[in-house]
There are 4 protein chains.
Amino acid sequence: MSHNTFGHLFRVTTWGESHGPALGCVIDGCPPGIPLSEADVQPWLDRRRPGQGKFVTQRQEPDTVRILSGVFQDERTAGQVTTGTPISMIIDNVDQRSRDYSEIAQAFRPGHADYAYFAKYGVRDYRGGGRQSARETAARVAAGAVARKIIEGVAIRGAVVQIGPHAVDPARIDFGVIGDNPFWAPDPDIVPVWEEHLEKVRKSGSSTGAVVAVEATGVPAGWGAPIYGKLDAELAAALMSINAAKGVEIGAGFASAALSGEENADEMRMGNDGPIFLSNQAGGVLGGISTGQAVTARVAFKPTSSILSPRRSINEAGEEIELRTKGRHDPCVGIRAVPVVEAMAACVLADAFLRHRAQTGGDAFRPGPPTG
Amino acid sequence: MSHNTFGHLFRVTTWGESHGPALGCVIDGCPPGIPLSEADVQPWLDRRRPGQGKFVTQRQEPDTVRILSGVFQDERTAGQVTTGTPISMIIDNVDQRSRDYSEIAQAFRPGHADYAYFAKYGVRDYRGGGRQSARETAARVAAGAVARKIIEGVAIRGAVVQIGPHAVDPARIDFGVIGDNPFWAPDPDIVPVWEEHLEKVRKSGSSTGAVVAVEATGVPAGWGAPIYGKLDAELAAALMSINAAKGVEIGAGFASAALSGEENADEMRMGNDGPIFLSNQAGGVLGGISTGQAVTARVAFKPTSSILSPRRSINEAGEEIELRTKGRHDPCVGIRAVPVVEAMAACVLADAFLRHRAQTGGDAFRPGPPTG
Amino acid sequence: MSHNTFGHLFRVTTWGESHGPALGCVIDGCPPGIPLSEADVQPWLDRRRPGQGKFVTQRQEPDTVRILSGVFQDERTAGQVTTGTPISMIIDNVDQRSRDYSEIAQAFRPGHADYAYFAKYGVRDYRGGGRQSARETAARVAAGAVARKIIEGVAIRGAVVQIGPHAVDPARIDFGVIGDNPFWAPDPDIVPVWEEHLEKVRKSGSSTGAVVAVEATGVPAGWGAPIYGKLDAELAAALMSINAAKGVEIGAGFASAALSGEENADEMRMGNDGPIFLSNQAGGVLGGISTGQAVTARVAFKPTSSILSPRRSINEAGEEIELRTKGRHDPCVGIRAVPVVEAMAACVLADAFLRHRAQTGGDAFRPGPPTG
Amino acid sequence: MSHNTFGHLFRVTTWGESHGPALGCVIDGCPPGIPLSEADVQPWLDRRRPGQGKFVTQRQEPDTVRILSGVFQDERTAGQVTTGTPISMIIDNVDQRSRDYSEIAQAFRPGHADYAYFAKYGVRDYRGGGRQSARETAARVAAGAVARKIIEGVAIRGAVVQIGPHAVDPARIDFGVIGDNPFWAPDPDIVPVWEEHLEKVRKSGSSTGAVVAVEATGVPAGWGAPIYGKLDAELAAALMSINAAKGVEIGAGFASAALSGEENADEMRMGNDGPIFLSNQAGGVLGGISTGQAVTARVAFKPTSSILSPRRSINEAGEEIELRTKGRHDPCVGIRAVPVVEAMAACVLADAFLRHRAQTGGDAFRPGPPTG
């Protein structure tokens, strides 16, 4: 992945800062002939949009997307389709609340990337976090919407599975109920627990971490590639690149360290439609290549560093200071990360599909008696 | 990362199968004038080498490396240095024990990549795992040896911190003692626990997972880059690409999900040599850019799937079978992964150094009164 | 080069169609701290702008550029500078004259890319040439303006040296006079010849080809790299990617085929400021690396295929047709290519500078007695 | 193209110096299941091999290739096939004649890359030109042999069309006769002219340039891609990267500058098997995409700078010197470039095929009545 571009064949370049006029992305390598209009992208942005509850930032951004290129409404056909040329999408920043940044302009907020940016570049746009703002993830979600259309047979669903110390019981996870609550929780019983926890966090001006799970069903066997193009390595990079991510695991992940070989190796039987696996510790990926099982991953998000408690820090002049982060912030950024995790997974999978089709023609070999 | 190449400016391409005549790597983009001979590479390979204890595979490979290009012994100078041209290194396979593969040639070993390779390519070199063999990691270690020389001020050390369910107490981790035991354990007290566990695993023909930690000290602030070139995203991809890796975390990692914002945000003070941090939950990376703290990561390895217990599977003909994996295998591949984890971290950091130097000239900005 | 991105470290991604709402580019990898505002970019776009004479298309586009990201006006400093994050620039399309495209919507104009796009994608935006329109080159010119600021010591100048069969005498080339005439001619005496030729071409509804020369002075020795990253190979790709380009040569180019080794090899002497060359057949590049001489290249442009004479062709239905290309077109696209050639050379050189700095630290070694 | 890697999906990395132990290449991204053994590669190397006539260098290298990875002889099938993993090929250097390099070790040979390498790297392997030696092209030819197998329906043929000032009459070019003479001449009548010219050049210790033409027939419409991934731009880079290349043109090339729009635009009619073109000024590429016509290109090669006449130069100490280049050298490197030009064209086309298949599935749209 380049600095601001990811993907090999389905390539996404994003740009924009929190308080600039707009942000956006350019998608290169999209196949032609795919029906695509703003109506295909906007719903995914709406899911990610801030200002939708008391546990997310109150900045009001409509996040209206416009497609500037790469699609064409052929008069002879019903709808607008991709042309194979780059798809440029733009989202205007509307609610850059005018405020005084003098307090933080030269200060390094602890836990933020302020100091790292300064050390690297010697200059930074400190308004609203500049390029390090979570607003950048809107561009990822827009790209993910296009990616989903390329791999229409694949269903990608994310859920919050832990907030603070409160994790969902894995046995109770049901992706079917995530839309029924404001936390993308896959278990209704955890909702009141999280509500109470978040209310406490919010009132104290603190913040809390979270874990997001994602699964992609319908991925055929054969996507991904050894050795450094492994599907799980690509997923790891894509998911770790999301703001505040600190860990990524595939399938059983860190728990596999404590497993025995017998527990870990997913056994196989022959089903009516090809091989079936009797478990999915692998998370649908072996040797970096998809197996046809659901691809599953989990991402850990740290608590946002924007908290009201005064914290010790320094400033550009090298002076020691104390700092509180005011402003409109999510107490738990992990919640809003769900659509972003899904989008990144979609982009990685669309890219893997195109790469697989390039090298092999796209067909997977299936066990069975030799034909012909 | 391409299929068999990783890195952007320090680019490593590896090749070779377990039972082919040799394996190797080509390094492109290495700076010129760096003293380099086989003697700089061999010791790292020797650390990774199998056949060094009863808990690792008994295949005997000397893993002798030869440098075929990219270095030059200038008669006017004392030693051999890199020339800036590609460095090709080769390691002959010596101990490809001749055996009968007919049992597994058409069978898919559960938990291995056999089926995934078949589904993708329709053909696979089944001898010793072919390209999916852990022998491939020797090429990574050779590349890592060169990477270390590019960033000589950076010290990279790995350790096993968990085997099976037995984890080292984080408070007792001392990287200084890892060379004193065959497990790269950073706490001598865990050694007898692991020995007992591994002995049980080995006797039962089973296997066990592990967690490897790595830390890089001496990384200056400013390496890495937003947004998709984040240092932690690059590390995640590199470490997840290692055979059997199932999870990667940076700094506090998954534990950060349960932290409060106050606990998570590392506070800063001004030290004599620049900023100092009062904790390192971030693992030395904020916003994808190094902060000057130690860069820390952990990698989870699953137990090898090569176990003696019969397991249910299928074969290429689509028949249901039972399979035991005989042969020379490590009961805990995580142990031998330590030098590989170090090598991948070294390569990522050397690449980040070169990318940083490209964009900024290489100097980091330091807090302090404006000069000049 | 990817489909719509070029450069390795100074990476330019362009997007947009002739009759879409806008076009633009995203620049990734620009060093931080470089003064940059629209005022640095607009003059170069104005040079390229159509509607400036009777020999260029009459489409009226102001080509006003807006910078949407990647720069920051720090209150403490005088002006706006780059921040190291992606620079997104947008140019609105204003004069997409409403017209009836029914005649060409399904027809393949001979000499255009209509058929090739159709064969590849099965769909194309036929309005004004869609993505194949020369309007795309505005985005290149905007990127080139930024590239020039990165390598401020390098002066890049282009000139038309041939229109139709009328070539400038190489001995009379003076880059100092190219601004004095509408053809970027480096010899005033050729101007009336070209005027007469173009008047004839324009009146007959035909078109004519051209050759553009470019030279970059101030390039230090050491930029570029063997083997596939050769500076001349990068230039060749960049220049050949310009619409209507059919040939690229470096230094003596095709003429070197007829030279003897004695004539071709540029001899060296030692000057006060380092080596000097007694000739420049090499065009400033040897072994793919700059020598410190002026880097010189020439690009051949074919005549535009938009001509009034009826030409035989086919349409999407496979029917044989005759076709005339009406509309607003340049009789000689090579003239307007001059700023584009300059811009592409600037981008390639800025990229080479960054790559060189990455691998070597940026300093060139100079002949002389050993120091220290 | 990276420094020592080219291609996007069919990726070739080469390594090795003239006087190192060996040279080679690693091919990544090759489709699986392609029959491949040394017998498929060796004949192409034999065509390129030096020591085959009095007009080429007398260094005797058998150039025997060994495939070290990426192929597998499945016992159940007749022959050896590619597995989709990286193909490593090695060619030992055998005839590195031991000699005294003291004269040139610190001198910069005029017209060679000696000084450029020194300025860039501060160190260089001066033995036989090191990495800048034409021996590197053997690795390209090996890669080209594999590329040809991927696009078996495409026939790629090169020919020398000019040596010194003596060009073949384009009307007399017949690719069918190039094997009948030692110059790859497509016109038997030119052979005695070239023989006389080369004999004179050789006797005087001088050298001469050449132009090589290449054509690829059987390329379907649709390969290549706008804007920076244009097939002609990729070809230009690949061909310009060959040692001593100074110019590249596609189709009519530089001659198109003097054409009228009517002459230049290739008209189309409908043939039995799809569209046919009535001429091929475009060289089979429009808008960067293949049209189904023969893809044609020409490359200019400068005379080698290794000549016996004393030439003025300088050395590393900054002293002015006179230098004659002794040793075993071709008087006309362009002749031996023919197989290299073919190989590079094959690699670019194989890469374009894979990229096209990735984005579109691989089928070309054909004009005709709507189906279904």
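Per chain, numbering begins at 1; letters A, B, ... match sequence-line order. Everything numeric here is computed off the predicted structure, so don't read it as measured data.
Using a 4.5 Å cut-off between heavy atoms, L239(C) makes no contact with chain D at all. S290(C) touches chain D through its backbone: at least one of N, CA, C or O sits under 4.5 Å from a heavy atom, while the side chain does not. Only the backbone of R366(C) comes within less than 4.5 Å of a heavy atom in chain D; its side chain stays farther off. If you measure heavy-atom distances from H166(C) to chain D, you find no contacts under 4.5 Å at all. The part of L278(C) that comes within reach of chain D is its side chain, from C-beta onward, which places non-hydrogen atoms under 4.5 angstrom from that chain. Contact of Y121(C) with chain D is made through backbone and side chain together, with heavy-atom distances under 4.5 Å. With a 4.5 angstrom heavy-atom cutoff, I314(C) touches chain D via backbone and side-chain atoms both. Only the backbone of A210(C) comes within contact range of chain D, with heavy atoms under 4.5 Å apart. Of the atoms belonging to V299(C), it is backbone heavy atoms, and not side-chain ones, that fall under 4.5 Å from chain D.
Ranked by heavy-atom pairs under 4.5 Å with chain D, the first of Q132(C), E319(C), R109(C), H112(C) is H112(C). The greatest number of non-hydrogen atom pairs below 4.5 Å with chain D, out of S204(C), A167(C), S313(C), is found for S313(C).
Not a single donor-acceptor pair under 3.5 Å links the side chain of K230(C) to the backbone N or O of G224(C).
For R324(D), the side-chain contact (heavy atoms from CB on, under 4.5 Å) partners two or more places apart in sequence, or in a different chain, are L308(D), P310(D).
Classification of the F108(C)-Y115(C) ring pair by plane angle, with boundaries at 30° and 60°, yields perpendicular.
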Start with the C-alpha distance between D266(C) and S279(C), add both sets of side-chain angles, then the distance that settles side-chain hydrogen bond (donor to acceptor under 3.5 Å, both in side chains), and finish with yes or no.
CA-CA 5 Å; D266(C) 305 310; S279(C) 55; 2.6 Å; yes
Can you check side-chain hydrogen bond (donor to acceptor under 3.5 Å, both in side chains) on T14(C) and E136(C), steps first, answer last?
CA-CA 8 Å; T14(C) 71; E136(C) 182 270 338; 3.0 Å; yes
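If you check the side chains of E262(C) and S206(D), you find a donor sitting under 3.5 Å from an acceptor. A donor-acceptor contact under 3.5 angstrom links the side chains of R140(D) and S241(D), judged on distance only.
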